[in-house]
Amino acid sequence: MDLSGNQLSGSIPITLGDLTKLKILYLSSNQLSGLIPREFGNLKNLIELDLSANQLAGSIPITLGDLTELKILYLYSNQLSGLIPRELGNLKNLTELGIDQNQLSGSIPITLGDLTELKILYLYSNQLSGLIPRELGNLKNLTELGIDQNQLSGSIPITLGDLTELKFLYLYSNQLSGPIPRELGNLKNLNYLDLQENQLTGPIPASFGNLRKLQFLFLRANKLSGSIPKELAYMDNLVELILSENQFSGYLPERLCQGGKLENFTVASNKLTGPIPRNLSNCSSFKWVRFNNNSFTGNLSEAFGIYPKLLFINLSDNDFHGELSSKWGKCKNLTDFRIARNNISGSIPPEIGNVKGLLGLDLSSNHLIGQIPKEFGKLTSLVNLFLQNNRISGNIPEDFGSLTKLESLDLSDNRLNGSIPMCIVDFVHLFQLNLSNNKFGQKIPKEIGRITQLNVLDLSYNLLVGDIPPQLANLKDVILSYNELEGPIPNNKAFVNASLEGNKGLCGNVAGLHPCEMLSSVVKRHSMAKGRKLILITVLPVMGALVLLCVFIGVLIMCNKRRRVRDVERRDGDGWLSISMLDGKALYRDILNATEEFDAKFCIGQGGHGSVYKVNLPSLGNIAVKRLHSSFQNTHPKSFINEVRALTGIKHRNIVNLYGYCSKAQHSLLVYEYVERGSLSSILSNEVESKKLDWLKRVNIIKGVAFALSYMHQNCSPPIVHRDISSSNVLLDSEYEARVADFGLAKILNPDSSNCTTLAGTYGYVAPELAYTMKVTQMCDVYSFGVLSLEIVKGNHLGEYITVLANSSTIDPEQLSDLLDERLPYPEDRVKDVLVFIVNLAFSCLLKTPKSRPTMHFISQKLSSMDARPHIHQRNPHVRRAIYNP
């Protein structure tokens, strides 16, 4: 019996326990709740039982221990609690046991050591405590063991070294202490070993050199010490070696990259010293490298070579000296280069301008001299540029005008001069601009006020002159202190708390400044008096006429408003779609009266096609009414009415309910249910509200959007494509449940047509293929969903960085922090893997080829289980990397 992957809800009927001949029962990936029936113990012939990815609660029935023929038991991704029954040790034929991602507590029963046929054992992401039973060493057939993300303590039992068939061992994110057993070096078939985020001490065993098949070794965030053993060089299949956040000291061993496969090498935040070994400096397989926060030395121009695959390197916070080599310009795939806080001297090589895909460049806090190369103008993908605290001189080159994707620019604490270039006003995405502690002169360009995203502007400690442009009033944090500015400060709240000290010529009613003096010249007073008299003689009669005219127009408007309401009452109902049992014409009249003919005070939002009003009606309570712009009313075709009629049939908990639509009255209206908390974009952009969106709420929002899109694509006939999925079009109710809204661009797919369209949607969310094919498919929504998922995790839209992520494969927990919202606490261990899974899933949605992206049905199925990996076998990193290209 296979009922998996449906939308079944409610409890599991106990009568299933009467199917005593049943051999296979799959109920996974539904919405089943309640208890697991103890009557399942009657299914003595059962071989496979899969209840995973539901909402089952309560304890695991001890009667499952009676299913002695059982080979596969999956209970993962539920809400099961209590102890793991020791009776499971009776299932001597069991080969796969997955009870991970629940709320199970207590210790791991030693009886699990009796399951000698077991090949896969997953208990991860629970609340298990106590010691790891040494009896697990009896499971000689075990190939995968995952007991990570629990509260296990004590030492790693040396008996795990007897599991010679083991390929994947996950013990990370526990409270394990003591040394790493040298016996783990016996696991010669091991491919993946993850011990990170524990309290392990002592050195890395030299016996690890025997793990010749090991590809992934994660020891990050422990208390390991001593030198890194030279025997690690024998692991010539190593792809990822993560040793950061420990207390390792001494030199790096030679030949760590002799296998030529090392891609991710991280030793950040240790106490390592000495030069970089030549074997590592020539490691052409490098993709992600972190040497930062150590005490490495050596001449930088000699320590590193050319890396054709390199994407990210961080050399910051070391003691490297010498000059930047022009060879960095040959690392064509480099997207992020960080070498801050070293002793680098010389000028910046212009060849860096050849790295066209560079997104982040941090050369700050060194001893760099010379000018900023004009070749930087070729770095058109650059998002973050940090050159502060050096000795760079000269002007900002005019070629900077092409860096229109910049979000953060810090050139402070240098010797730059000249004027602030006008090209900066074209940096429309700029969030932070710091040019302080330089020698910039002349006036502040008033056009800087056009950079609507700019939050922080620091121009302090320069030689700027003239007035403060009032156009800067929209900025949140303005620092203009210690210049030569003069005149009154703009009369705006933005400058009440601005840093303006040290400008002797400024005046105004602000603390620290002198009040602006009144003009004292008798001539000027006399001319001003004459001027005022002339103005009064001219203006007063005009103003009187205008007042009378306004009164007359107001009376006409009131009469016209009442007449239009009466006109609506006389209309027939042919232009209305009904709302429940209500009369559409009466509803329109009530909306018109309740909003005082759509007065601005009732408006709660504006979009490209109309304005949204909050309306309270006695018959319905609060509703949201979208009034379409007249220009849109005149251009949308009749077929749009048919699409709206189809949308009124949508009923899904994660889609805003469309009650009705009017197309023949004075105003064209869409009538929706009212969603209390408003748009996701407004919450994410609010410092206070965004912190209420904890990680679990954000995961739930992503799931809700996925369920909505899967329903539209899979369950609607014909399918419906939203075409404008963005954070502005996702609303949150009082429980922070996601509701997809704004179907103004939605398109019903006709299987007999090409479904071509004009390019539409929100910038930054639109699938790239729409720009040249104009063909709408469900994969357009999939792409937008990927962008939105990353935005929810990061807390803001990733901008042009999306194009780089579209070419990424996957990330590991080590790399997650760069994509997290820093306003929230770092996620707990049990949530982190879920976020890693979501981020990797989002990457697959951004693939350039639409056919390579997963379907929303596939995505919703994976998210519904909330498994950080696609299936029980998904701990296998190869499966994890391949699963997103179905």
Side-chain angles (χ1 to χ4, degrees), residues 407 428-429 452-453 604-612 624 626 629 632 647 652 654-656 658 670 672 675 677-686 689-690 693 697-698 700-713 720-733 736-747 757-771 776-803 805-806 819 821 838-839 841-843 845-846 850 853 856 859:
E407 294 179 6
V428 294
H429 302 292
T452 57
Q453 303 289 335
I604 58 174
Q606 293 183 335
H609 300 141
S611 302
V612 181
K626 184 171 185 178
H629 295 321
F632 184 71
L647 290 173
H652 192 279
N654 295 116
I655 297 177
V656 173
L658 176 63
L670 290 163
Y672 292 101
V675 185
R677 296 189 183 274
S679 72
L680 173 62
S681 63
S682 63
I683 294 177
L684 288 176
S685 62
N686 186 296
E689 293 299 318
S690 62
L693 281 184
K697 288 189 179 75
R698 296 191 188 203
N700 198 48
I701 291 168
I702 293 171
K703 288 174 62 179
V705 176
F707 296 158
L709 291 175
S710 178
Y711 171 83
M712 292 165 58
H713 294 181
I720 298 174
V721 178
H722 189 283
R723 294 207 294 163
D724 197 14
I725 292 295
S726 69
S727 57
S728 297
N729 291 335
V730 174
L731 308 181
L732 302 182
D733 64 15
Y736 293 96
E737 187 83 14
R739 304 290 188 88
V740 175
D742 200 342
F743 288 83
L745 294 177
K747 187 172 185 65
T757 182
T758 55
L759 184 60
T762 302
Y763 176 77
Y765 299 86
V766 179
E769 66 269 16
L770 273 180
V776 177
T777 69
Q778 296 167 350
M779 292 303 158
C780 299
D781 280 351
V782 173
Y783 181 90
S784 302
F785 172 79
V787 176
L788 176 65
S789 297
L790 293 173
E791 179 181 358
I792 293 171
V793 173
K794 181 63 176 174
N796 56 58
H797 193 285
L798 294 181
E800 297 300 326
Y801 194 44
I802 291 291
T803 58
L805 298 179
L819 293 171
D821 191 338
I838 287 175
V839 169
L841 193 60
F843 286 176
C845 296
L846 302 177
R853 300 170 196 156
M856 288 309 308
I859 292 169

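Note that OG of Ser727 is 10.0 Å distant from CG of Asn796, once rounded to the nearest 0.5 Å. With rounding to the nearest 0.5 angstrom, the CD1 atom of Ile802 is 8.5 Å from the CZ atom of Phe843. The distance from the CG atom of Leu788 to the CG atom of Leu680 is 6.5 Å, given to the nearest 0.5 Å. The distance from atom CD of Glu791 to atom OG of Ser681, rounded to the nearest 0.5 Å, is 7.5 Å. Here Ile859 contributes atom CD1 and Ile838 contributes atom CD1; the two are 11.0 Å apart, rounded to the nearest 0.5 Å. Rounding to the nearest 0.5 angstrom, the gap separating the CD1 atom in Ile702 from the CG atom in Leu841 is 9.5 Å.
Legend: residues meeting side chain to side chain donor-acceptor pair (under 3.5 Å) with His652, ordered by chain and number and at least two apart, are absent. Applying the side chain to side chain donor-acceptor pair (under 3.5 Å) criterion to Ser685, with sequence neighbours excluded, gives no partner residue. In this structure Tyr783 satisfies the side chain to side chain donor-acceptor pair (under 3.5 Å) test with no other residue, sequence neighbours excluded. Qualifying salt bridge (Lys or Arg N to Asp or Glu O under 4.0 Å) partners for Glu737, counting only residues two or more places apart in sequence or in other chains: Arg653. Listed by chain and residue number, Arg698, Arg823 satisfy the salt bridge (Lys or Arg N to Asp or Glu O under 4.0 Å) test with Asp821 (two or more places apart in sequence, or in another chain). Checked against side chain to side chain donor-acceptor pair (under 3.5 Å), Ser784 has no partners two or more places apart in sequence or in another chain.
Ala767 and Cys780 make their closest contact through CB-CA, 4.0 Å (heavy atoms, listed as atom of the first residue, atom of the second, distance). The two residues Ser690 and Leu684 have their closest heavy-atom pair at CB-O, 3.8 Å. Across all non-hydrogen atoms, the minimal contact from Ala842 to Ser789 is CB-CB, 4.1 Å. In plain terms, the two heavy atoms of Val782 and Arg853 that are nearest each other are CG1-CB, 3.9 Å. Shown here for His713 and Val721, the closest heavy-atom pair between the two residues is NE2-CA, 4.4 Å. When all heavy atoms of Cys845 and Gly786 are compared, the closest pair comes out as CB-CA, 3.7 Å.
Between His722 and Asp724, the closest side-chain pair of non-hydrogen atoms falls below 4.5 Å. The shortest distance between side-chain heavy atoms of Ile701 and Leu693 falls below 4.5 Å. Side-chain contact between Val705 and Phe785 is present, with heavy atoms from C-beta onward closer than 4.5 Å. Using a 4.5 Å heavy-atom threshold, the side chains of Lys697 and Leu732 count as separate. Residues Leu846 and Leu790 form a side-chain contact, since some pair of their non-hydrogen atoms from C-beta on lies under 4.5 Å apart.
Judged by distance alone, the side chain of Asn654 and the main-chain N or O of Ala708 form no donor-acceptor pair under 3.5 Å.
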